[in-house]
Amino acid sequence: MNKYENTVTESDKNVDTFKIASKIRDLAISHNKLFEESIPLIASENLLSPLAKEMLITDFHSRYAEGLPKERYYEGNRFVDEVELEAIELAKKLFNVDFADVRPTSGTVANLAVLKAFAKHGDKIATVSLDDGAHISTAEFGAFGVRGVNPVFMPFNRDEMNIDIDNTKKVILNEKPNIVLFGLSLFLFPPPIKELADTIKEVGAMGWYDGAHVLGLIAGGKFQDPLHEGCNVLSASTHKTFPGPQHGILLASGMEENQYKKLRSGAFPGVTSNHHLHAMASLAITLVEEIEFGKKYAEAMINNAKALGESLYNKNFKVLCPDKEFTESHTIAINVHDLGGGEICAKKLEESGIIVNKNMLPGDKSAKHPDGIRIGTPEITRLGMNKSDMNIIAEFIKRILIDGIAPSIIKKEITDFKRSHNKISYCFYEGENPYKYYRLV
Ligand code: DSN
């Protein structure tokens, strides 16, 4: 008999359903343990600080606050309003912009809000193709399709892993897109916004930046500053390099008030009803922490990514872009075709306690069987790891993928290494274990 069964009386008719609830809780606890014992290298994931996490279990979670602060459709919002107004001001300060909306509930929802505000059915939007690393929002089966806009593809230099400036200028001049969208899911280098800004202006297009992957690097001033380089609007999720809750954000600068109004109405009532107030409060806390700790954190993520790239390259992995120090971001990409492909390599790593994702590389045809794996440093950096830890991780990866060491042999070493690195950094209450869980019974 387990401890949950103990709490249920013989006469309880719902004993079976309670067992299912107990099982779900046990699964969550097992999941926490999995990450406590694994090296987390997914480029789009991160950990919440203790203060930001606390917000997720407040009563904000239970409430509605449609509309704007002080203009709600519900009562009971007086403290929610204060939080939202703070969050907006914090975001404007951190990113040095005129406009922020903290209501999108995810990055894709933020993208849909931009599309709702500024695009109409049949419009053309210039973007990098999915094959070259764009986000699924830009696909016909994604947000672009929902709005009925047509992608126009910007040529991509696969050696440089960046937009081909000269040929893209030609595409923009020929196609005259309504919007030019920058941003990637395999985001190694800053796209050439400044270099394309005049061309974008010449055809009267709007510059849009999907900053989901690099929001924390932008916040730390270490990547690029899209809204001061030629873009008008930035949409993002808030939980990748920006170490906040699963949520979204819209930022803008240099627009007319009526365009900000359109953007606000894109967010609500366009693509959200309620905006997940607990997550918004958690975002507000993260904005404060980024103002305080964001610069050092962004720098450390990039340094770790370069160090990991170099160490893996020196161990004979085909890390992309060796001539460009592998990356200017938190992400590196490796071509593992010769080692069985991305799917097999990612699975082998997971069995040994290293979590990455298989990823299409430019030219790949199948998202399920791509040649690449993508590796990111947001979470390991958040746990205080540094250059010497990158060498240790690279050696683990080599022993698994090149030397063929069995998971049963290496897993304990990886677990021990990870267990000694489970203290959060770059936030208030540094040193807490972010994988900690609480049990009621
Ligand atoms: N596209 C996902 C990723 O980059 O992991 C997130 O939206």
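Just follow the structure's listing: the first ligand is 1, and inside any ligand the first atom is 1.
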S.K.: Just how far is it from atom CE of M360 to atom CG of D131, taken to the nearest 0.5 Å?
M.R.: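 One finds 4.5 Å between CE of M360 and CG of D131.
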
S.K.: Of all the atoms in ligand 1, which lie at a distance below 4.0 Å from a heavy atom belonging to K240?
M.R.: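 Listed by number with element: 6 (C), 7 (O).
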
S.K.: Working to the nearest 0.5 Å, report the span between CG of L186 and CG of N359.
M.R.: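 These two atoms lie 5.0 Å from each other.
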
S.K.: Side chain or backbone of H239 under 4.0 Å from ligand 1, or both, or neither, by non-hydrogen atoms?
M.R.: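 Contact part for H239 vs ligand 1: neither.
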
S.K.: Can a non-hydrogen atom of H213 be found less than 4.0 Å from any atom of ligand 1?
M.R.: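 Heavy atoms of H213 do come under 4.0 Å of ligand 1.
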
S.K.: Which atoms of ligand 1 have any heavy atom of S185 under 4.0 Å away?
M.R.: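 Going through ligand 1 atom by atom, the ones under 4.0 Å from S185 are 1 (N), 4 (O).
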
S.K.: Among F293, Y297, F242, find the one that has a ring pair (Phe, Tyr, Trp, His ring centres under 6.0 Å) with Y426.
M.R.: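 Of all the options given, the one that passes is Y297.
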
S.K.: Is the F223 to F187 ring centre distance short of 6.0 Å?
M.R.: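 Judged by ring-centre distance (under 6.0 Å), F223 and F187 do meet the cut-off.
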
S.K.: Which ligand 1 atoms are under 4.0 Å away from a heavy-atom of H135?
M.R.: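 Every atom of ligand 1 under 4.0 Å from some heavy atom of H135: 1 (N), 7 (O).
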
S.K.: A side-chain contact here means heavy atoms from C-beta on lying under 4.5 Å apart; do H276 and H61 qualify?
M.R.: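 Of all side-chain heavy-atom pairs linking H61 with H276, none is under 4.5 Å.
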
